[in-house]
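Quick caveat, the model's predicted, so the values are computed rather than measured.
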Amino acid sequence: QVHLVESGGGLAQAGESLTLSCVASKSTYRIMAMGWYRQAPGKQRELVAALRPDGGIIYYLDSVMGRFAISRDNAKNTVYLRMNRLKVEDTAVYYCNQYVNPKDWGTGTLVTVSS
């Protein structure tokens with residue numbers, strides 16, 4: 001199994017930027033399509049962005065398209081989510097996981113955006 005640890009969340013004002021990181025414990029993650037997910041208060045978890053093992057983009061949530069960018073550095077066993085022009089509605093706990101049949105959810109990293 002691959003253990004994933006998210007980091008980089010915090011407090012931000014609307015319009016500011018944050019970059020989230022997800023570090024995998026094993027190099028086997030490099031053959032996995034990966035995704036960033038989020039869960040806002042009172043809402044269900046949703047897929048935000050996903051990419052192929054080679055970094056090709058699979059998906060962006062409509063509400064983040066043009067603002068967020070998912071990428072990966074397989075040499076560092078890391079997946080990133082660059083979040084630009086943050087909005088209050090981006091407030092959520094963000095998780096990384098495999099794109100296909102995600103499992104074993106971690107604690108995520110909290111992003112709080114204020115106006």
Side-chain angles (χ1 to χ4, degrees):
Q1 61 187 23
V2 177
H3 187 229
L4 304 168
V5 179
E6 305 96 338
S7 64
L11 304 175
Q13 290 279 338
E16 294 182 341
S17 299
L18 286 173
T19 298
L20 308 183
S21 298
C22 172
V23 179
S25 62
K26 297 181 178 180
S27 61
T28 51
Y29 112 98
R30 299 175 185 179
I31 65 173
M32 300 164 54
M34 298 293 295
W36 280 98
Y37 303 77
R38 69 185 183 187
Q39 186 167 23
K43 304 292 185 179
Q44 291 187 297
R45 183 178 284 119
E46 63 183 349
L47 178 66
V48 176
L51 79 180
R52 292 161 47 194
D54 68 355
I57 302 302
I58 295 173
Y59 172 85
Y60 283 113
L61 186 67
D62 284 347
S63 61
V64 310
M65 194 172 297
R67 298 190 298 117
F68 289 13
I70 188 171
S71 62
R72 66 196 298 163
D73 185 342
N74 288 345
K76 297 181 178 179
N77 287 358
T78 302
V79 180
Y80 303 97
L81 184 68
R82 176 64 174 175
M83 305 183 295
N84 294 317
R85 301 188 301 281
L86 283 162
K87 301 178 179 180
V88 172
E89 52 262 43
D90 294 321
T91 296
V93 178
Y94 285 72
Y95 305 86
C96 64
N97 214 319
Q98 57 196 53
Y99 171 65
V100 179
N101 297 323
K103 56 184 178 181
D104 298 332
W105 298 98
T107 57
T109 185
L110 176 62
V111 173
T112 302
V113 184
S114 61
S115 62

(request) State plainly whether one hydrophobic cluster holds both M34 and Y95, where clusters connect Ile, Leu, Val, Met, Phe, Trp and Tyr through side-chain heavy atoms under 4.5 angstrom apart. (result) yes
(message) Between N97 (side chain only) and G35 (backbone N and O only), is there a donor and an acceptor less than 3.5 Å apart?
(response) no
(message) Grouping I, L, V, M, F, W and Y whenever their side-chain heavy atoms are under 4.5 Å apart, do L110 and V88 come out in a common cluster?
(response) no
(request) State yes or no: do Y80 and Y29 share one hydrophobic cluster built from I, L, V, M, F, W and Y residues joined by side-chain heavy-atom distances below 4.5 Å, directly or via other members? (result) no
(request) Working to the nearest 0.5 Å, report the span between CD1 of I31 and CG of D54. (result) 13.0 Å
(request) Determine whether M32 and L81 fall in the same hydrophobic cluster, where Ile, Leu, Val, Met, Phe, Trp and Tyr are linked whenever their side-chain heavy atoms lie under 4.5 Å apart. (result) yes
(request) Work out which heavy atom in A14 is nearest to a heavy atom in S115; give both atom names and the distance. (result) CB-CA, 4.3 Å
(request) Could you tell me the separation between the CG atom of L86 and the CZ atom of R67, rounded to the nearest 0.5 Å? (result) 6.5 Å
(message) The test is side-chain contact (heavy atoms from CB on, under 4.5 Å); show your working for V2 and Q98 and say whether it passes.
(response) CA-CA 10 Å; V2 177; Q98 57 196 53; over 6 Å; no
(request) Compare every heavy atom of L51 with every heavy atom of V79, then report the nearest pair and how far apart it is. (result) CG1-CD2, 4.2 Å
(message) Membership question, hydrophobic clusters at under 4.5 Å side-chain separation (ILVMFWY): are V93 and L11 in the same one?
(response) no
(message) Show, in sequence, the C-alpha distance, side-chain angles and deciding distance for Y99 and L47, and conclude whether the side-chain contact (heavy atoms from CB on, under 4.5 Å) test is met.
(response) CA-CA 9 Å; Y99 171 65; L47 178 66; 3.7 Å; yes
(message) Return the SG to CZ distance between C96 and R72, rounded to the nearest 0.5 Å.
(response) 10.5 Å
(request) Could you tell me whether the side chain of V111 reaches within less than 4.5 Å of the side chain of R38, counting heavy atoms only? (result) no
(message) Applying side-chain contact (heavy atoms from CB on, under 4.5 Å) to Y94 and E6, what does each step give before you reach the verdict?
(response) CA-CA 8 Å; Y94 285 72; E6 305 96 338; over 6 Å; no
(message) Please give me the minimum heavy-atom distance between G9 and T109, naming the atom from each residue.
(response) N-OG1, 3.0 Å
(request) Going by the side-chain contact (heavy atoms from CB on, under 4.5 Å) test, name the single residue among I58, L20, I57 that passes it with I70. (result) I57
(request) Grab the two heavy atoms, one from S17 and one from R82, that are nearest each other, plus how far apart they are. (result) CB-NH2, 3.4 Å
(request) Report the C-alpha separation of F68 and W36 in whole Å, then their side-chain angles, then the decisive distance to 0.1 Å, and conclude whether the ring pair (Phe, Tyr, Trp, His ring centres under 6.0 Å) test is met. (result) CA-CA 11 Å; F68 289 13; W36 280 98; over 10 Å; no
(message) How long is the straight-line distance from CG of D90 back to CE of M83, given to the nearest 0.5 Å?
(response) 7.0 Å
